[in-house]
**Q** 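Dropping the structure in here first, questions after.
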Amino acid sequence: QVQLVESGGGLVQAGGSLRLSCAASVRTWRTVAMGWFRQAPGKEREFVARIMWNGGYTDYADSVKGRFTISRDNAKNTVYLQMNSLKPEDTAVYYCAADGNYRVMVQHGTPAYWGQGTQVTVSS
């Protein structure tokens, strides 16, 4: 059983920063790819970022490139999403995801495991 617990969401003004964390309880953490997705009200779920199990490969949605950074600490079984220069359009529930295959960490992908989500609200 894999459990993912996100934290770090909140309310921030446009231009501000937040760092999301996702703590994972998974025996084979070092072989798991991690990703972040988000969903705004009335919109479909959107891929945000992904990272390979060894941290050697990262990928981002065009809408967040240059502003968001995904990283992981394998010693802590934790993945992070540093979000800078936040915009009102970044407002959404952010979900952490995990899967043995990083190729499913894409738009319309179906990672096997999901966290409960954390709300990020950016005010203008």
Side-chain angles (χ1 to χ4, degrees):
Q1 183 73 17
V2 176
Q3 290 187 324
L4 304 174
V5 180
E6 301 102 332
S7 61
L11 173 64
V12 65
Q13 288 187 333
S17 299
L18 283 174
R19 189 178 80 156
L20 305 183
S21 299
C22 173
S25 60
V26 54
R27 185 174 300 176
T28 56
W29 166 258
R30 293 183 181 274
T31 62
V32 171
M34 302 294 294
W36 288 95
F37 293 75
R38 66 187 182 186
Q39 189 165 21
K43 295 186 177 181
E44 68 173 352
R45 187 178 66 201
E46 177 186 18
F47 163 77
V48 176
R50 62 179 176 172
I51 187 166
M52 286 280 282
W53 68 270
N54 62 0
Y57 173 83
T58 58
D59 190 25
Y60 299 90
D62 288 343
S63 58
V64 306
K65 279 182 181 176
R67 300 188 299 122
F68 291 11
T69 302
I70 188 171
S71 61
R72 62 191 293 164
D73 184 339
N74 286 343
K76 297 182 179 179
N77 284 15
T78 300
V79 65
Y80 304 98
L81 185 68
Q82 177 66 43
M83 306 185 294
N84 298 328
S85 302
L86 282 162
K87 304 175 181 180
E89 50 263 45
D90 293 319
T91 295
V93 177
Y94 283 70
Y95 297 92
C96 174
D99 198 284
N101 183 0
Y102 82 96
R103 291 181 178 85
V104 303
M105 301 290 181
V106 294
Q107 187 69 10
H108 303 125
T110 55
Y113 305 102
W114 294 88
Q116 82 286 354
T118 185
Q119 176 71 46
V120 171
T121 302
V122 184
S123 63
S124 57

**Q** Provide the closest heavy-atom pair for Pro111 versus Ala98 in the form atom of the first, atom of the second, distance.
**A**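 Heavy atoms of Pro111 and Ala98 come nearest at CB-O, 3.9 Å.
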
**Q** For Tyr102, which residues count as a ring pair (Phe, Tyr, Trp, His ring centres under 6.0 Å) partner, sequence neighbours excluded?
**A**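 Tyr57.
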
**Q** Should Val64 and Trp36 be counted in the same cluster of Ile, Leu, Val, Met, Phe, Trp and Tyr side chains packed under 4.5 Å apart?
**A**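 Hydrophobic grouping puts Val64 with Trp36.
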
**Q** Determine whether a donor-acceptor pair (N or O, by modelled atom type, separation under 3.5 Å) exists between the side chain of Ser85 and the backbone of Arg67.
**A**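 No, because the side chain of Ser85 does not come within donor-acceptor range (under 3.5 Å) of the backbone of Arg67.
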
**Q** Checking the side chain of Asn77 only, and the main-chain atoms of Ser25 only, is there a donor and an acceptor separated by less than 3.5 Å?
**A**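 Judged by distance alone, no pair lies under 3.5 Å.
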
**Q** Looking at Arg72 and Val32, what are the two nearest heavy atoms and their distance?
**A**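 Closest approach of Arg72 to Val32: NH1-O, 2.8 Å.
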
**Q** To the nearest 0.5 angstrom, please state how far the OG1 atom of Thr58 sits from the NZ atom of Lys65.
**A**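 It comes to 10.0 Å.
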
**Q** Measuring from Leu81:CG to Tyr94:OH, what's the distance to the nearest 0.5 Å?
**A**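 Reported to 0.5 Å precision, the distance equals 7.5 Å.
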
**Q** Shortest non-hydrogen contact from Met34 to Ile70?
**A**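 Heavy atoms of Met34 and Ile70 come nearest at O-CD1, 4.2 Å.
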
**Q** Sub-3.5 Å donor-acceptor pair from the side chain of Arg103 to the main-chain atoms of Gly109, do we have one?
**A**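 No; zero donor-acceptor contacts below 3.5 Å.
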
**Q** Taking side chain to side chain contact (heavy atoms under 4.5 Å, CB included) as the definition, give me every residue that meets it alongside Ser71, ordered by chain and number, with sequence neighbours left out.
**A**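 Checked Ser71 against side chain to side chain contact (heavy atoms under 4.5 Å, CB included); matches are Tyr80.
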
**Q** Rounded to the nearest 0.5 Å, what's the gap from CZ on Arg45 to CZ on Arg38? Could you check?
**A**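 Answer for the CZ-CZ pair, Arg45 versus Arg38, is 13.5 Å.
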
**Q** If every non-hydrogen atom of Trp53 is compared with every non-hydrogen atom of Asn74, which pair is closest and at what distance?
**A**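 Trp53 and Asn74 have their closest heavy atoms at O-ND2, 3.3 Å.
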
**Q** Any side-chain to backbone donor/acceptor pair from Thr91 onto Val122? Under 3.5 Å, distance only.
**A**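 Checked: pair present.
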
**Q** Please determine whether side-chain contact (heavy atoms from CB on, under 4.5 Å) holds for the pair Ser63 and Glu89, giving the CA-CA distance in whole Å, both sets of side-chain angles, and the decisive distance to 0.1 Å.
**A** CA-CA 10 Å; Ser63 58; Glu89 50 263 45; over 6 Å; no

**Q** Let me check something: any side-chain donor-acceptor pairs from residues 6-13 under 3.5 Å, sequence neighbours excluded? List them with distances.
**A**
from	atom 1	to	atom 2	distance (Å)
Glu6	OE1	Gln116	N	3.0
Glu6	OE1	Gln116	NE2	3.4
Glu6	OE1	Gly117	N	2.9
Glu6	OE2	Cys96	N	2.7
Glu6	OE2	Gly117	N	3.3

**Q** Honestly curious: do Ile51 and Val2 fall in one hydrophobic cluster under the side-chain, below-4.5 Å linking rule?
**A**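 Per the 4.5 Å side-chain linkage, Ile51 and Val2 are co-clustered.
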
**Q** Using 0.5 Å steps for rounding, measure from the CZ atom of Phe68 to the CG atom of Leu20.
**A**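 Nearest 0.5 Å value for the CZ-CG distance: 8.0 Å.
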
**Q** Would Lys87 and Asp90 pass as an ion pair if we require N to O under 4.0 Å?
**A**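 Looking at Asp90 together with Lys87, the answer is no, because their closest N to O distance does not fall below 4.0 Å.
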
**Q** Taking atom OG1 of Thr69 and atom CZ of Arg19, what is their separation to the nearest 0.5 Å?
**A**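 Rounded to the nearest 0.5 Å, the OG1-CZ separation comes to 11.5 Å.
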
**Q** Would you say Val104 ends up clustered with Tyr113 if hydrophobic residues are merged whenever their side chains have heavy atoms under 4.5 Å apart, either directly or through other cluster members?
**A**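 No.
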
**Q** Are Val48 and Val79 connected into the same hydrophobic cluster when the rule is that any two of I, L, V, M, F, W, Y join if their side-chain heavy atoms are below 4.5 Å apart?
**A**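 Yes; Val48 is reachable from Val79 via cluster members.
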
**Q** In terms of the angle between their ring planes, are Trp114 and Tyr95 parallel, tilted or perpendicular, with boundaries placed at 30° and 60°?
**A**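 The rings of Trp114 and Tyr95 stand perpendicular, inter-plane angle above 60°.
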
**Q** First locate atom NE2 of His108, then atom CZ of Phe47, and finally report the distance between them rounded to the nearest 0.5 Å.
**A**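 Here the interatomic distance stands at 13.0 Å.
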
